[in-house]
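One structure is given here, and the rest of the page talks about it.
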Amino acid sequence: MKPYPGECHDCFYSFKVGVFVLVEYNGAKTARTTINLLTAGIQLAEDIPNYDANDWTYAGGFVTEKAFEILAFKSLGNLENIRIRIPIYRVYGGVSRVVGFSWTPINPKLFSVSAFRRHAGLPNLNCGSRYIMVSVRIKDIIQFRSALPLDGNPGGLPEFIINSQNVNYSGYPGIFKSYWNK
Amino acid sequence: MINAMKENYLEMTVNERLYASGLIAEFDKAKKKKDKEALVTILKKIQVDDPSIKKILTDAGITPD
């Protein structure tokens, strides 16, 4: 059985190292320092053995890279002044609706439907048949968390808590695409 | 209102339920203090299934019964 990103110890080791470094140096509060550390963190993630050969490891590396990206933006401080938008995704279907507080920076297409549902900790009633890609300002991300286990799905993927009212739907006409069934 | 929210929980992830219920800060506090009783109470309030509660406790470094 292939490991899923939550079990990829190399990925999470590099992630933890990167977080530690960012936190330790956050006192400097300079963008240059943060960006250099971000680059170093991503480099750590890319040094994972078999990065290209194993798609699960690739996904783990992608998670790590995105996490560093967000941490770097967060650590820049003065989020009110940062208008940078990042793409976010929400997988829904069944009784789960397109609006909600749960979003992820990870492109669901890196996973199969069942794998995404597992690692995102989706409930049984969310069949994950559809997804939406929109954008959000960094400052509107309420929390950055790891998906928790639910209904037999182990979780582990990064999860953003965002108020749907702050999501920019307007720039994406035709966003309600069929997901894997496209 | 509460009943409507409870029904809605079933379509949400655990983090989403914690935020929607207003229990997210309490959850984080209990997790930090490794307060098993408080964590179980919170997770049951938001209708998390027992096996998932056990996994969350284990991941938090707490031994479930």
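Note on naming: letters A, B, ... go to the chains in the order of the sequence lines (proteins, then strands), and numbering restarts at 1 for each one.
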Which residue pairs pass the ring-ring contact (aromatic ring centres under 6.0 Å, His included) test with at least one member in residues 19-46 of chain B, sequence neighbours excluded?
->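 Pairs touching residues 19-46 of chain B that pass the test: Phe101(A)-Tyr19(B).
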
Can you confirm whether [X] sits close enough to [Y] that some side-chain heavy atom of one is under 4.5 Å from a side-chain heavy atom of the other?
{"X": "Arg145(A)", "Y": "Ile24(B)", "value": "yes"}
{"X": "Val95(A)", "Y": "Leu10(B)", "value": "no"}
{"X": "Leu148(A)", "Y": "Leu18(B)", "value": "yes"}
{"X": "Asn8(B)", "Y": "Arg97(A)", "value": "yes"}

Contact part of Asp59(B) toward chain A, heavy-atom cut-off under 4.5 Å: side chain, backbone, both or neither?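 When you check distances to chain A, only side chain atoms of Asp59(B) fall under 4.5 Å.
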
If one checks every heavy atom of Leu43(B) against chain A at 4.5 Å, the contacting part turns out to be neither

Counting heavy-atom pairs under 4.5 Å with chain A, the top scorer among Asn15(B), Thr13(B), Val14(B) is Asn15(B)

Minimal heavy-atom distance between Pro149(A) and Ser52(B), with the atoms involved, is O-CB, 3.5 Å

Check: Asp49(B) side chain, Asp151(A) main-chain N or O, donor-acceptor pair, under 3.5 Å | yes

By side chain to side chain donor-acceptor pair (under 3.5 Å), Thr63(B) pairs with (sequence neighbours left out) none

Please list, in residue-number order, every residue in residues 28-41 of chain B that has a heavy atom less than 4.5 Å from any heavy atom of chain A; write 'none' if there are none.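 Asp28(B), listed by number.
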
Next item on the list: Tell me, for Leu150(A) versus chain B, whether the close heavy atoms (under 4.5 Å) come from the side chain, the backbone, both or neither.
Entry: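 When you check distances to chain B, atoms from both the backbone and side chain of Leu150(A) fall under 4.5 Å.
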
Please enumerate all residues that pass salt bridge (charged side-chain N to carboxylate O under 4.0 Å, His left out) together with Arg90(A), with sequence neighbours excluded.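 If we apply the salt bridge (charged side-chain N to carboxylate O under 4.0 Å, His left out) test to Arg90(A), skipping adjacent residues, the hits are Glu16(B).
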
